[in-house]
Protein chains: 2
Amino acid sequence: MKEKELRRSLSVFPIGTVMKLTDLTARQIRYYEEQQLIQPQRNDGNRRMYSLNDIDVLLEIKDYLAEGINMAGIKHIYEMQEQEQEKKQAALKRPVTDEDVRRIFHDELLQQGRLNNDEQGHSTLFHTHKPL
Amino acid sequence: MKEKELRRSLSVFPIGTVMKLTDLTARQIRYYEEQQLIQPQRNDGNRRMYSLNDIDVLLEIKDYLAEGINMAGIKHIYEMQEQEQEKKQAALKRPVTDEDVRRIFHDELLQQGRLNNDEQGHSTLFHTHKPL
DNA sequence: TTTTTATGTTATAAAACATAACATCTCCTG
DNA sequence: CAGGAGATGTTATGTTTTATAACATAAAAA
């Protein structure tokens, strides 16, 4: 499953493609980058190149905005998710106690709703938001 | 499984990205198009936009060329494959006789080697040649 | 009512791409 | 071996796309 992650993080889309796939304006996409929600790579000519993961995040941002959540709220959400990632990483770097297992398992249950929802077929052309 | 096909045929890559993913020059990519081996879409500004399927074909062409097969030979290969596709399509448009079934099944066996080989992980970054 | 947010708009410069023509190199073949 | 065809390189010119940055604005928040 490591191969798939790699492919999803390849920077292969120029902003024009991302605009079409997400139905966001260039201004919006660059603004969300300014807000640190995505960090697209740059090619040799200084052009932004986006990955499927970037597109996922952009689509999620759209959803959150549609729900009325503002930038601050969205930033908070992604900060939380980062923290959890770090926690899981840390847990793997040292002997795992039974206590750890119970805690991690508990955290995962709390997270499930937010992370695993396919939001019943967003129809989003590329059907990103995880698959692919 | 129809969704995946759709995604694989979306025209989302500019030629620059295709060059990096396939390690072909723009000249080569356009030449193979001239030879009708791929038919990339054009965006509103007349720029070629390629799909994952296009990239697959380009990588296959590279392989065939490396094997010493020339354009004519490669064209022939793809013409054959098209014919088979049409056959299968046609078979679905009218009542299928037992005879049909036997014939199609027979053809499939002959084809298997060529179509289903994963060519043991071409390592090709995007790992195209089917997956994704 | 002021600020702040989130996004639109415009101007300017550079990068990427299209087309087309000519060049070159490798095979093949007479 | 000369000459031609096939496959790709190279160069020139014009158009499209993207980057940056500044100013504008509608809606939400303070």
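The figures here come from the full heavy-atom set of this structure, side chains too, leaving out hydrogens, waters and symmetry mates. Here the structure is a predicted model, which means the values were calculated and not measured. Chain letters run A, B, ... following the sequence lines, proteins first, then strands; residues in each count from 1.
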For this session: Starting at atom CZ of Phe13(B), determine the distance to atom C1' of dT17(D), rounded to an integer number of angstrom.
Result: 18 Å
Exercise. Rounded to whole angstrom units, what separation is found between the CE atom of Met19(A) and the P atom of dT16(D)?
Worked result: 16 Å
Exercise. Closer to the 5' end of DNA chain D via nearest nucleotide, is it Ile15(A) or Asn70(A)?
Worked result: Ile15(A)
Among all residues two or more places apart in sequence or in another chain, which pass the side chain to side chain contact (heavy atoms under 4.5 Å, CB included) test with [X]?
{"X": "Ser11(B)", "answer": "Gln41(B), Met49(B)"}
{"X": "Gln35(A)", "answer": "Tyr31(A), Leu37(A), Met71(A), Lys75(A)"}
{"X": "Thr25(B)", "answer": "Arg27(B), Gln28(B)"}

Exercise. Using a heavy-atom cut-off of 4.0 Å to chain B, what are the terminal contacting nucleotides of DNA chain C, in 5' to 3' order?
Worked result: dA16(C) to dT19(C)
For this session: Kindly say whether, by distance alone, the side chain of Arg47(A) makes a donor-acceptor pair under 3.5 Å with the base of dT17(D)?
Result: yes
Seminar exercise, completed: Residues passing the side-chain hydrogen bond (donor to acceptor under 3.5 Å, both in side chains) test with Tyr78(A), sequence neighbours excluded, are Glu60(A)
For this session: Scan for salt bridge (Lys or Arg N to Asp or Glu O under 4.0 Å) pairs involving residues 44-55 of chain A, sequence neighbours excluded, and state none if there are none.
Result: Glu33(A)-Arg48(A)
For this session: Kindly compute the distance separating CD (Glu34(B)) from CZ (Arg30(B)), expressed to the nearest 0.5 Å.
Result: 11.0 Å
Exercise. Say you draw a straight line from CD1 of Ile29(B) to OG1 of Thr22(B); how long is it, rounded to the nearest 0.5 Å?
Worked result: 4.5 Å
Seminar exercise, completed: Hits for salt bridge (Lys or Arg N to Asp or Glu O under 4.0 Å) against Glu5(B), two or more places apart or cross-chain, chain-then-number order -> Lys2(B)
Seminar exercise, completed: Expected list for residues 27-46 of chain A near DNA chain D, using heavy atoms below 4.0 Å, is Arg30(A), Arg42(A), Asn46(A)
